[in-house]
Amino acid sequence: MQKPGLPEGTRDFGPEQARKRAYIFDTIRTVFVKFGFQPLETPAMENLSTLTGKYGDEGDQLLFKILNNGDYLQKADPAALTAKDSARLVSSISKRGLRYDLTVPFARFVVMNRHALTFPFKRYQIQPVWRADRPQKGRYREFFQCDADVIGSDSLMYEAELVQIYDEAFAQLQIPVTIKLNNRKVLYGIAEAAGIADRFSDMTVAIDKLDKIGPEGVRRELAERGIPDAALNTIEKVLAISSPDELRAIFSTSETGQAGLAELDQVFGFLEKTSLKNEVKFDVTLARGLSYYTGCIFEVAANGVKMGSIGGGGRYADLTGVFGMPGLSGVGISFGADRIYDVLDELDRFPETLSETVRVLFMAFDEATHKYAFECVTKVRAAGIPAELYPEPGKLKKQFDYAAKCNIPVVALAGDAEMQAGQVAVKDQKTGEQKNMTVEALISQLSA
RNA sequence: GAGGAUGUAGCUCAGUUGGUUAGAGCGCAAGUUUGUGGCACUUGAGGUCGUGGGUUCGAUUCCCAUCAUUCUCCCCA
């Protein structure tokens, strides 16, 4: 006999957890639908060639690869095999991988179905993704993302819409959040102003950590990456600012930077006259890792909870280009459902009503009343009310125990006397009140 | 990829300065005379103390290795 176990970073979800997760998905889905997004589902696995090269080198390493079926070593690259060169061997022994996010599969879908789609195309997608990362708090190897993307429009109205979606969804989930907004062009402008446009990605990685390591930490990190002192001073000045306006002077020589500011202005312009329940804040240190972002970028942090971001997204000017369909701009956001779950758990914000599903439990005393109770429970179910009948008549203690443990609020006893009268004894488990009534009366009481 | 922590009953954990029958709480099963639960009481089942090796008269305890889980860094949802 072997001990069963789960792969690192994966979890089972028991009934209660699954219900809570469904609550999260339903809440987010409802908001997506309200904003006109349409559902999409794609396979768990994609061709490896679709996935590689889209997330940077780090991302490629975190892809789960699927071993080819059959005698794959026969077809393996002999040179790579003898040299034990894993990186090179992969392409000859694995042609499929598990999806790493939902955006790239979406881009693939758009390219393959361009003839059938009407642009701008708005889709939402709620599915698991897999990353071969080391698990830790709030980080899993299998987790769900809830994505909403618009593709085929440059309009910054969509950036504003996506902010509204974040705002509304988190308001409904009762998680106070800060929605952080920045623009890759602004970041590029900073690099230009500092004279290190060629070191753009080093710069963003470093300043992204401002929260964690402070200005001096950023400076040290930049210096370690070989950024010259003059540039460090410019960057330090930039990190101290709090509104986009303060960047204007710095961007006098950077067209890209100015364009980024103009985009941010527009997005905030759209939101100006609308009311939001959460704070939307420009954050110059927001960088985001995924290399395909080109314009506005978003990130959501739960206020007062120590947890990585629970949502993120941005605009990618040309995501479909690599699949042979250039010039199609898209913008999207993602909700990290598993982290949202952890936050809701920590804040104790799950609605209580989620645990009651079965509304009434029928109990019987012997075979005859058990049969009668079976008829009764059938009627209640026919009325659309979740109901159960205990499988064995007799021992009331056991049956009441079951009702209590399953959190069933009402029990209906079918005894001989009740059966003769065409009734059941209905007991409210919370108040202890009990009275006899017909099944029809029970149904109307439960429907009320 | 780097570093730390932890593996004892189904679950959460005690414990043994190395000594013969390894404990608790919760949970589970049965019962406290068989038409009324959540409480209480009684009784019971359940552990090769993660795995392999070493030291020792003797290891669950000390040492090494290994596996698993978890946390931090990198990066990310």
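What you see below is based on every heavy atom in this structure, not just the backbone, and it leaves out hydrogens, waters and symmetry mates. Chain identifiers are assigned alphabetically (A, B, ...) following the order of the sequence lines, protein sequences preceding nucleic acid strands; residue numbering begins at 1 within each chain.
The pair A:Asp26-A:Arg29 meets the salt-bridge criterion, since a charged nitrogen lies less than 4.0 angstrom from a carboxylate oxygen. With salt bridges taken as basic N to acidic carboxylate O contacts below 4.0 Å, none links A:Arg315 and A:Glu263. A salt bridge is defined here as a Lys NZ or Arg NE, NH1 or NH2 lying under 4.0 Å from an Asp or Glu carboxylate O, and A:Arg21 with A:Asp338 meets this definition. Comment: A:Glu221 engages A:Arg225 in a salt bridge, judged by a side-chain N to carboxylate O separation of less than 4.0 angstrom. A salt bridge does not link A:Asp101 to A:Lys54: none of the charged nitrogens lies less than 4.0 Å from a carboxylate oxygen. The pair A:Glu224-A:Arg220 does not count as a salt bridge, with every side-chain nitrogen at least 4.0 angstrom from each carboxylate oxygen.
A:Gln127 and A:Leu40 make their closest contact through OE1-O, 4.3 Å (heavy atoms, listed as atom of the first residue, atom of the second, distance).
Taking only side-chain atoms of A:Arg339, from C-beta outward, the nucleotide of B:rU70, B:rC76, B:rU72 with the closest atom is B:rC76. Distance from the side chain of A:Tyr140 is smallest for B:rA77 among the nucleotides B:rA77, B:rU70, B:rC75. Listed nucleotides: B:rU70, B:rC73, B:rC76. Nearest to the side chain of A:Glu8: B:rU70.
B:rU33 and B:rG52 have their P atoms separated by 49 Å, with the value rounded to a whole Å. Spacing between B:rU56 and B:rC63 at atom C1', rounded to whole Å, works out to 12 Å. For B:rA22 and B:rA14, the C1' atoms lie 11 Å apart once the distance is rounded to whole Å. To the nearest whole angstrom, the two P atoms, one in B:rA5 and one in B:rA77, are 31 Å apart. Comparing the same atom, C1', in B:rA59 and in B:rU42 gives a spacing of 38 Å after rounding to whole Å. Taking the P atom of each, B:rA9 and B:rG23 are spaced 14 Å apart, rounded to whole Å. Rounded to the nearest Å, the gap between the P atom of B:rU48 and that of B:rU6 is 24 Å. If you take atom P in B:rG27 and the same atom in B:rU12, they sit 15 Å apart, rounded to whole Å.
Remark: ring of A:Phe335 not stacked against base of B:rA77; the cut-offs of centroid gap under 5.5 Å and plane tilt under 30° are not jointly satisfied.
Note on ring orientation: taking the six-membered ring where Trp is involved, the planes of A:Phe170 and A:Phe335 are tilted (angle from 30° to 60°).
Listed by chain and number, the residues in a ring pair (Phe, Tyr, Trp, His ring centres under 6.0 Å) with A:Tyr390 are A:Tyr402 (sequence neighbours excluded).
At whole-Å resolution of the value, CZ in A:Arg139 and P in B:rU72 are 9 Å apart. The nearest whole Å value for the distance from the CG atom in A:Asp342 to the C1' atom in B:rU70 is 14 Å. The interatomic distance linking A:Arg99 (CZ) with B:rC76 (C1') rounds to 18 Å, in whole Å. Put simply, CZ on A:Arg220 is 15 Å from P on B:rC73, counting in whole angstrom units. The CD-P distance, from A:Gln136 to B:rG4, rounds to 16 Å in whole Å. In this structure, the CG atom of A:Asp208 is 15 Å from the C1' atom of B:rC73, given to the nearest Å. Between the CD atom of A:Gln61 and the C1' atom of B:rG1 there is a distance of 8 Å, given to the nearest Å. Summarising the geometry, the separation between CG on A:Asp338 and P on B:rC76 is reported as 18 Å, rounded to the nearest angstrom.
In this structure a side-chain-to-backbone donor-acceptor pair under 3.5 Å is missing from A:Ser334 to A:Gly313.
Counting only heavy atoms from C-beta outward, the side chains of A:Tyr316 and A:Thr320 never approach each other to under 4.5 Å.
Here A:Lys405 reaches the OP1 or OP2 of B:rC28: one of its side-chain N or O atoms lies under 4.0 Å away. Distances shorter than 4.0 Å separate some side-chain N or O of A:Lys209 from OP1 or OP2 on B:rC75.
Taking the six-membered ring for Trp, A:Phe268 and A:Phe282 have ring centres at least 6.0 Å apart.
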Run A:Phe362 and A:Phe374 through ring-ring contact (aromatic ring centres under 6.0 Å, His included) and show every step you take.
CA-CA 8 Å; A:Phe362 282 83; A:Phe374 190 81; over 10 Å; no
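Comparing A:Arg141 and A:Gly9 against RNA chain B, the residue whose closest nucleotide sits nearer the 5' end is A:Gly9.
Within a heavy-atom distance below 4.0 Å of RNA chain B, the residues of residues 294-313 of chain A found are A:Ser309, A:Ile310, A:Gly311. Residues from residues 160-173 of chain A with heavy atoms under 4.0 angstrom of RNA chain B: there are none.
Judged as a ring pair (Phe, Tyr, Trp, His ring centres under 6.0 Å), not a single pair has a partner in residues 203-227 of chain A (not counting sequence neighbours).
Note on A:Leu6: only backbone sugar-phosphate atoms sit closer than 4.0 angstrom, heavy atoms only; bases stay farther off. Here A:Val205 lies in heavy-atom contact (under 4.0 Å) with sugar-phosphate atoms only. Residue contacts for A:Pro7: at a heavy-atom cut-off of 4.0 Å it reaches the sugar-phosphate backbone alone, with no base atom in range.
With no hydrogens or angles considered, no side-chain donor-acceptor pair links A:Arg134 and A:Gln136 at under 3.5 Å. Residues A:Thr369 and A:Asp416 have side chains that never bring a donor and an acceptor to within less than 3.5 angstrom of each other.
Both key distances under 3.5 Å define a Watson-Crick or G-U pair, and stretches of 3 or more such consecutive pairs in RNA chain B run B:1-7 with B:67-73, B:10-13 with B:23-26, B:28-32 with B:40-44, B:50-54 with B:62-66.
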5' to 3', nucleotides 33-40 of chain B under a 4.0 Å protein heavy-atom cut-off (B base, S sugar-phosphate only, - none) gives --BBBB--
